[in-house]
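For the numbers below, each heavy atom of this structure counts, side chains included, while hydrogens, waters and symmetry mates do not. These figures come from a predicted structure and were not determined experimentally.
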Amino acid sequence: MMSKTFYITTPIYYVNDKPHVGTGLTTLIADAVSRFQRAQGKTVFFLTGTDENAPKVAAAAQKAGKDPQAFVDEMASVFERYWQTLNIRYDIFMRTTRTDHKRAVQRVFQQLLAKGDVYAGEYEGWYCISCETFWTGAKVEEERLCLNAECRKPLEHRKEHSYFLRLSAYADRLRDYIQANPSFIEPETRRNEVLSFIAEGLQDVAISRLEANWGTPVPGEDNMVIYVWFDALINYLTATGWGENGVADPILWPPDLQLMGKDILPRFHATIWPATLMALELPLPKQLFGHGWWLFKGEKISKSKTPGGLADPLLIVRELSADAQCEERFAVDALRYYMLREMPTQSDTNFSVEALEARYNADLANDLGNLLHRTLSMTHRYLEGQVTNAELEPEIAAVFQKAVRETAAAFHETQFPAGLQTAWEIIRAVNHYYDSRAPWNLAKQGDLAGVGQTLYAGLEASRILSIILSPVMPSVCEAIAGQLNLPYETRWSEAEKLNGLPVGHALNQPTPVFPRLQPKAEAPAAPEKKPPQEVKPMDEMISIDEFKKIKIRVARVTAAEPHPNANKLLKLTVSLGDETRTIVAGIAESHTPDQLVGRQVLILANLQPATLRGVVSEGMLLAADIDGKAILLSPETEVPDGTGVR
RNA sequence: GGCGGUGUAGCUCAGUGGUCAGAGCAUCCGGUUCAUACCCGGGGGGUCGGCGGUUCAAAUCCGCCCGCCGCUACCA
């Protein structure tokens with residue numbers, strides 16, 4: 001029987017935006033793991049792809065004036081181009097618009113329906129069209145805004161016939177499984193998060209949506225499609241050909257490693273997904289790995305705050321390549337190295353061009369590149385470019401072997417920062433060794449045998465590095481092998497061997513792979529670049545008539561007290577002259593009650609009342625928002641309470 | 001607020017009871033010159049977030065507090 005293939009996946013990405021450094025990181029980790037596993041002799045099946053069945057996609061296509069299928073085709077190819085440029089070698093680019101996928105999803109649906117793990121019911125609740133999610137809870141009832149912090153759009157009340165996945169029935173099994181198999185969810189902090197998420201109680205999830213035009217139709221229903229997340233998760237299964245007969249291919253199934261950002265782990269990959277597999281009586285993935293996020297200057301990457309160029313891997317590569325005068329494919333490898341050397345695992349990590357450049361110079365130009373270059377230069381200068389001695393001193397050989405072993409152990413655990421750090425021990429050891437042996441002095445003394453023996457350490461180090469670094473920097477490693485006049489070798493077992501360069505082997509002339517980055521001349525007080533003003537499309541504008549519907553009035557705070565049942569809210573009593581109202585405001589973190597009494601403030605007066613933690617609020621306090629901190633607005637001079645604002 | 005993390009040199013981080021607490025980068029000094037102004041050595045720089053406790057011995061275990069992060073829950 002054939003041995004099990006190493007099956008590794010990234011999430012399939014939403015096609016409504018091009019890749020950024022976040023999706024780039026997940027995909028890069030997957031590529032490096034794939035290359036490493038291949039180097040270990042495994043057959044690898046590496047899946048990435050695009051999630052195309054979201055109703056939002058159809059809407060975006062319509063807006064762009066395109067046919068939805070043409071639109072997703074275009075976006076899918078944008079992703080494929082990105083991955084090609086970053087030298088990502090996947091085996092399958094999965095797309096959920098594939099008919100075999102859709103058929104297989106329907107098969108899952110029918111199978112679970114027959115078993116009772118999917119049941120028909122009625123869904124009533126608040127729905128975010130943009131996020132394609134129903135939200136529940138007191139907060140939603142009150143504010144009717146999407147709970148997704150990035151979205152916060154108004155929700156729509158929907159009551160619809162729906163199908164549910166009986167997730168609640170799997171909560172105990174899931175919890176037990178996770179506890180019995182700690183390596184199922186890594187790293188540990190994610191595992192704890194998932195366990196507490198489950199402990200809070202898993203609700204059955206609606207897995208159908210009313211929608212006729214785009215998505216995977218629910219079997220036997222008109223105008224109903226499968227919920228896009230449920231549809232998307234199943235891609236990992238349908239990509240293996242499961243849909244053909246409903247039997248999992250034992251060569252491929254289950255996945256060995258499923259990578260993703262931490263945000264989509266608890267709610268989807270660690271609950272809905274394994275519960276679905278349990279319901280299908282299929283083995284669960286061996287491991288779900290949720291890495292942390294890249295931050296920009298300590299803040300979460302976001303479309304509004306992060307300058308576009310910083311988040312686009314291709315622009316970063318292009319700029320580095322231009323600044324350093326290195327080939328673009330090597331700049332790609334430099335970015336790959338940086339991302340994996342500093343990859344966020346437990347917590348989030350800052351991403352910065354400065355840090356990338358620091359790694360480039362210190363690790364790649366000064367260490368890796370320079371070691372190869374000085375070694376080859378001396379070989380040509382003293383030994384006519386030939387290997388004259390193929391015997392490593394035992395001490396240095398031991399260092400190499402230990403580093404190769406430890407690097408492999410770290411890569412096996414997806415610990416690239418540790419693995420790369422260990423690999424660099426080899427470089428450090430050779431630089432030390434050169435310093436103690438001073439082959440340039442040996443040459444002056446005519447001890448060419450000594451020179452040959454010393455330089456052999458650098459040659460072997462370069463050969464070994466060209467193998468063990470190739471999961472991370474494939475193009476660079478190929479170039480190193482080329483300068484050593486060796487065929488490009490990626491098999492790890494060849495790195496474990498010593499003395500791989502025979503006496504008499506002729507080396508090629510060295511060329512710097514990573515030319516050193518020169519410190520940028522201080523830009524002569526470049527004027528602060530203003531981001532181009534975004535032109536608001538007309539549909540975000542409102543008419544004067546719409547504005548006239550909004551009644552803003554001046555009110556005086558006559559009393560203020562903490563909300564009896566909430567710690568971020570204050571309960572205010574305000575006077576509008578002829579009328580007194582109670583207003584609940586979320587300003588307890590920025591204001592104390594006594595700071596407010598007597599003040600004039602602006603309120604939105606014709607807002608529907610809402611109950612907030614048991615207190616009816618009859619209006620909304622207006623305030624400027626500085627990172628969530630409220631700065632209250634007041635009239636320029638005292639005016640009669642209740643004065644209207646226009 | 002609840003739950004889970006985290007806080008160690010200017011920066012990024014190792015270090016889960018036991019020599020004066022470590023590495024890389026940065027910085028300063030020295031050496032070297034084969035090499036991409038590179039490499040090698042050395043120095044400076046830390047009350048290991050704070051306060052208590054356990055112990056012969058704590059960055060490491062326990063308790064409380066503070067800061068930051070994540071999930072979650074009331075910022076109309």
Side-chain angles (χ1 to χ4, degrees), chain A residues 137-139 142-145 147 187-197 199-200 262-263 265-267 292-293 295 298 300 324-326 341-342 346-350 352 354-355 358-359 361-382 417-418 421 424-425 427-428 430-436 438-444 451 454-455 458 510-518 563 565-570 583-590 603-604 607-623 625 628-630:
Chain A
K139 183 173 173 179
E142 284 154 13
E143 59 176 31
R144 293 163 194 175
L145 294 176
L147 282 186
E188 187 182 5
T189 172
R190 302 278 102 75
R191 179 160 65 245
N192 292 335
E193 252 176 50
V194 170
L195 283 170
S196 76
F197 181 73
E200 281 164 25
K262 64 183 183 178
D263 49 326
L265 183 66
R267 207 178 280 279
W293 285 338
L295 303 177
K300 194 170 148 186
Q325 305 261 300
C326 75
R341 179 66 180 73
E342 302 200 1
Q346 298 262 355
S347 53
D348 300 339
T349 299
N350 276 307
S352 77
E354 290 75 21
R359 287 286 174 201
N361 261 353
D363 296 358
L364 299 179
N366 293 354
D367 288 346
L368 181 64
N370 184 242
L371 176 68
L372 175 71
H373 197 259
R374 71 191 299 206
T375 300
L376 287 179
S377 293
M378 282 191 274
T379 310
H380 282 282
R381 179 184 290 235
Y382 304 130
Q421 198 172 345
W424 252 247
E425 297 293 331
I427 298 169
R428 211 170 294 283
V430 175
N431 279 334
H432 264 105
Y433 182 59
Y434 279 1
D435 204 60
S436 67
W440 45 93
N441 287 337
L442 297 178
K444 283 179 195 151
V451 173
T454 308
L455 294 185
T511 324
V513 177
F514 296 111
R516 220 182 123 78
L517 259 172
Q518 296 310 320
H563 190 291
N565 192 26
N567 56 15
K568 290 190 182 174
L569 303 181
L570 291 181
I583 288 185
V584 176
I587 55 174
E589 290 186 330
S590 51
I603 67 163
L604 182 54
L607 183 63
Q608 250 178 32
T611 306
L612 288 164
R613 296 293 278 191
V615 175
V616 176
S617 179
E618 304 161 309
M620 182 169 93
L621 210 56
L622 298 186
D625 184 341
K629 188 173 154 48

Any-strand Watson-Crick or G-U partner of U32(B), both distances under 3.5 Å: none
Rounded distance in Å between the P positions of G41(B) and A26(B): 14 Å
P gap between G5(B) and G18(B), integer Å: 22 Å
Arg381(A) side-chain N/O to A35(B) phosphate OP1/OP2 under 4.0 Å: yes
Distance between C1' atoms of U8(B) and A21(B) (Å, rounded): 9 Å
Ala358(A) or Tyr382(A), whichever maps to the more 5' nucleotide of RNA chain B: Ala358(A)
Under 3.5 Å donor-acceptor, Trp424(A) side chain and Asp363(A) backbone: yes
Proximal nucleotide (of C38(B), G24(B), C13(B)) relative to the Asn370(A) side chain: C38(B)
Same-atom distance (C1') from A37(B) to G45(B), integer angstrom: 26 Å
Nearest listed nucleotide, side chain of Thr349(A), among G31(B), A35(B), C13(B): C13(B)
Whole-Å gap separating P (C38(B)) and CH2 (Trp440(A)): 15 Å
Interatomic distance where CZ belongs to Arg359(A) and C1' belongs to U36(B) [whole Å]: 19 Å
Output one line per pair: protein atom, nucleotide atom from nucleotides 2-10 of chain B, and distance, for all N/O pairs under 3.5 Å.
residue : atom : partner   : partner atom : Å
G4(B)   : O3'  : Asn192(A) : ND2          : 3.4

Assigned partner base of C51(B), Watson-Crick or wobble definition, under 3.5 Å: G63(B)
Separation of atom NZ in Lys262(A) from atom P in U72(B), rounded to whole Å: 12 Å
First encountered from the 5' end of RNA chain B, between Lys444(A) and Arg341(A): Arg341(A)
N/O donor-acceptor pair under 3.5 Å between His373(A) side chain and Gly369(A) backbone: no
Carboxylate-amine/guanidinium proximity below 4.0 Å for Glu193(A) and Lys262(A): no
From CG (Asp367(A)) to CZ (Phe514(A)), nearest 0.5 Å: 11.5 Å
Base paired to A23(B) (Watson-Crick or G-U; both N/O distances under 3.5 angstrom): U12(B)
Separation between the P atoms of C62(B) and U55(B), rounded to whole Å: 16 Å
Separation of the C1' atoms in G70(B) and C28(B), to the nearest angstrom: 40 Å
Whole-angstrom distance between U54(B) and C61(B), as gauged at atom C1': 8 Å
Watson-Crick or G-U wobble partner of A58(B), both distances under 3.5 Å: none
Whole angstrom value for the distance that separates P of C68(B) from CG of Asp348(A): 16 Å
OG1 on Thr375(A) to CG on Leu371(A), rounded to 0.5 Å: 4.5 Å
Pair assignment for G45(B), Watson-Crick or G-U wobble, requiring both distances under 3.5 Å: none
Atom-to-atom span, NE2 of His373(A) to C1' of C39(B) - whole angstrom: 14 Å
Distance between C1' atoms of A9(B) and U27(B) (Å, rounded): 12 Å
Below 4.0 Å: OP1/OP2 of C39(B) and any side-chain N or O of Arg374(A): no
Gap between atoms CZ and P, on Arg190(A) and C71(B) respectively (whole Å): 9 Å
His432(A) side-chain N/O to G41(B) phosphate OP1/OP2 under 4.0 Å: yes
Pairing partner (Watson-Crick or G-U wobble, both distances under 3.5 angstrom) of C68(B): G5(B)
Leu371(A) CG - C34(B) P separation (whole Å): 17 Å
Between CG on residue Asn431(A) and OG on residue Ser436(A), distance to nearest 0.5 Å: 11.0 Å
Touch class at under 4.0 angstrom, heavy-atom based, for Val513(A) against every strand present: base
Nearest heavy-atom neighbours spanning Trp440(A) and Tyr434(A): CH2-O, 3.7 Å
Any donor-acceptor N or O pair under 3.5 Å, side chains Asn370(A), Arg516(A): no
Leu517(A) CG to C25(B) P, straight-line distance once rounded to whole Å: 17 Å
